[in-house]
Amino acid sequence: MPEQDNTSLTFKLVYYGPAQSGKTTNLLRLHDILSPELKGEVMIMETKDDRTLFFDLLPLGFRAPSGLLTKLRLFTVPGQVAHDGTRKAVLSRADGLVFVADSDRTQETNNGEAFQSMADNCHRVGLDFEHIPLVVQFNKRDLPNAVPEAEIRERWDAAPWPVRFATALSGNGVEATFEALLRALYRRHVDGLGLATDHRLTEDAFVAGVLGRTLEPQ
Amino acid sequence: MSTSDFDREWRLGELFDAAMLARIGPPLAELLGADLAILDRDGRALWGMPAPDATREALILELEPAGFLASAAARPPQLRSAARMFTALLRAEARYRMASALHLEAVTQDFETLKLEHSRLLASEARYRKLSEELEARVAAQVATLEARQQMLYQAEKLASVGQLAAGMAHEINNPLGFVSSNLGSFKLYLDKFAALHARLAEGEAAWQSLDLDFVIEDGAELLADCANGLARIGRIVADLKSFSNVDRPPTERANLNACLEHAVSVASSPLPPGVTLKTALHPLPLLACNPGHLNLVFLSLIKNGMQAVQDSGRPGEVSIRSEAAPDGITIRITDTGVGMSPAQQERAFEPFYTTRAIGAGTGLGLSTARNIVLAHRGRIVLDSTPGKGTTVSLFFPGTP
Ligand SMILES: Nc1nc2c(ncn2[C@@H]2O[C@H](COP(=O)(O)OP(=O)(O)OP(=O)(O)O)[C@@H](O)[C@H]2O)c(=O)[nH]1
Ligand SMILES: [Mg+2]
């Protein structure tokens, strides 16, 4: 459940995925691309050879028409298999997930294992994996041996989660992935948190607020 | 969210306690060259006394102010620089605190997982223990059944060999019994002649001659000697029988194995089957602590096996029995020149239920029972056989020190 007090609301969003799939790169690009009312620095905790040891954190925020401060804290987990304990701790209390898969054909097994570990860890830390907002991103589309989009779509066709394609290195698809998550997040909480009623926040306004876009006049 | 979560909102007063603020505050004020106070996010002073008209500069950790620097006299650019410096300190501290809190959470979770796995392990260990107990009970039951069956088989074999023994004995006893009773019949006729002499005493010497009493006296003495011989034979056979009736007497007794072998040879050779010769080469032996009744049976059945093997070969042959004192015990060899055994037969010869003949078909104890008895005497039994040539069974009994 998102953190809530009288004046603010905080969502915790976690980028999960196999080692080196581009989670940290996603966060860095989002920091570059987005321009919400409030944007913190990317806090890169500690790395070894560029691989995350603890987590990365990007804070974003904007004010709803009601005055409610909506904050989003984007975390990445360390992808290396050895850090499962840390991964579970970072995953704890998440309100939404992005699974960053590596499109490289040779990474299919790693993707599968990481996805399974995400589902398992969700259960272990008490998250409702069946209902938590989740977007699957296939990153590194620029790789020559990337699994073709059609093949991926066909395979994920029956799955309930939105699938997005990205090249985080160039920033392509990074925002679209995040937007898909924001929409799923809004729909999950619109009623429980009275987003539309109490805070006069529509889905598009919510997305526009986080991304820092000006809302198209209706 | 609990106060130990790594991703909680960290407060200024929590990141820097009063002592730490008291160390940072003064030099910062000195650098600033003005009054200075450090406030939390609600404007409460954590260090210093803010003037009512002081200017505030926000200290932003993530998105919102975690606290403020307040000064009335400081110039705005200087105050902003001081705030930037303070924020850098604050963020470094926050990073450190988050990392350690996360580490602690991960370790605690791992510990919880370990505890869970440990309890699962305990549960499965309990299951396995139960299973293995059940298995053990089942194995014990099976072993008991097998032992009971083997005991029954042993009893059946014992009965069979006792029966065979009895038949042989009956034959042997019948023979002297026949001539003793026929001798006694003749002797009665001789006594009748003396009764007749009484009536013809008057005839004197002529009556003696006509009744042929010289012959009667001579032959009567011979008949009695024959009877005595026959009875002695019966006595010997009965003595042999007696030693075999000691089978169930508990051990142990110091016995001469040569005596046991002689008993066995004497029982086995009455009657001796046609075409079979028995040879013995018994050398002086030390006494052995043993159960002679059991060993008698072993020797008898080995000798009978040998005789049977010779008969099975269809040609005349011999069974030789040799005993010898070795430095560390006693060696006994029973060799026959019979049919021999194939390697496959030798391999299975000691199996409890293995026999090349019908069970109880008169060969005495099975080899497995023989071996059990030998083993009970801490001895060894070894088969050496060549098909068509014959078999040697070697027994070794370690000497009692
Ligand atoms: N070709 C290609 N490389 C990428 C892309 N996105 C990320 N990378 C590279 O992949 C490597 C790993 O990227 P990171 O963002 O550090 O991966 P991560 O998922 O955070 O890795 P861990 O922290 O170890 O779990 C880096 O060398 C990136 O430059 C992409 O879209 N295409
Ligand atoms: Mg990373």
Decide if atom CD of A/Glu130 counts as having more than 12 heavy atoms of other residues, nucleotides or ligands within a radius under 6.0 Å. yes
Sort A/Ser8 into side chain, backbone, both or neither according to what part of it lies under 4.5 angstrom from a heavy atom of chain B. neither
Closest contact, heavy atoms only, A/Leu60 versus B/Leu63: O-CD1, 3.2 Å
Between A/Lys71 and B/Glu64, is there a salt bridge with N-O shorter than 4.0 Å? yes
A/Arg124 atom CZ, neighbour heavy-atom count above 12 within 6.0 Å: yes
Are A/Phe54 and B/Phe6 near enough that their ring centres are under 6.0 Å apart? no
Charged N to carboxylate O under 4.0 angstrom, A/Lys12 versus B/Asp7? yes
Quick check: closest heavy atoms across A/Ala89 and B/Ala106, and the distance to 0.1 Å? CB-N, 4.0 Å
For A/Phe129, look at atom CZ and say whether over 12 heavy atoms of other residues, nucleotides or ligands are found less than 6.0 Å away. yes
Around B/His103, counting heavy atoms of other residues, nucleotides and ligands shown, do more than 12 lie under 6.0 Å from its NE2? no
Within the supplied structure, the quantity of interest is the number of heavy atoms (other residues, nucleotides, ligands) at a distance under 6.0 Å from B/Arg75 CZ; does it exceed 12? no
Side chain proximity check, B/Glu62 to A/Leu57, heavy atoms < 4.5 angstrom: yes
What part of A/Leu58 gets within 4.5 angstrom of chain B, counting heavy atoms only: side chain, backbone, both, or neither? neither
More than 12 heavy atoms of other residues, nucleotides or ligands under 6.0 Å from CD of B/Glu30: is that the case? no
Electrostatic pair B/Glu105-A/Lys88, nearest N-O below 4.0 angstrom: no
Please list, chain by chain and in numerical order, all residues satisfying side chain to side chain contact (heavy atoms under 4.5 Å, CB included) with A/Ala159, sequence neighbours excluded. A/Trp156, A/Trp161
A/Met43 backbone acceptor or donor facing B/Arg91 side chain under 3.5 Å: no
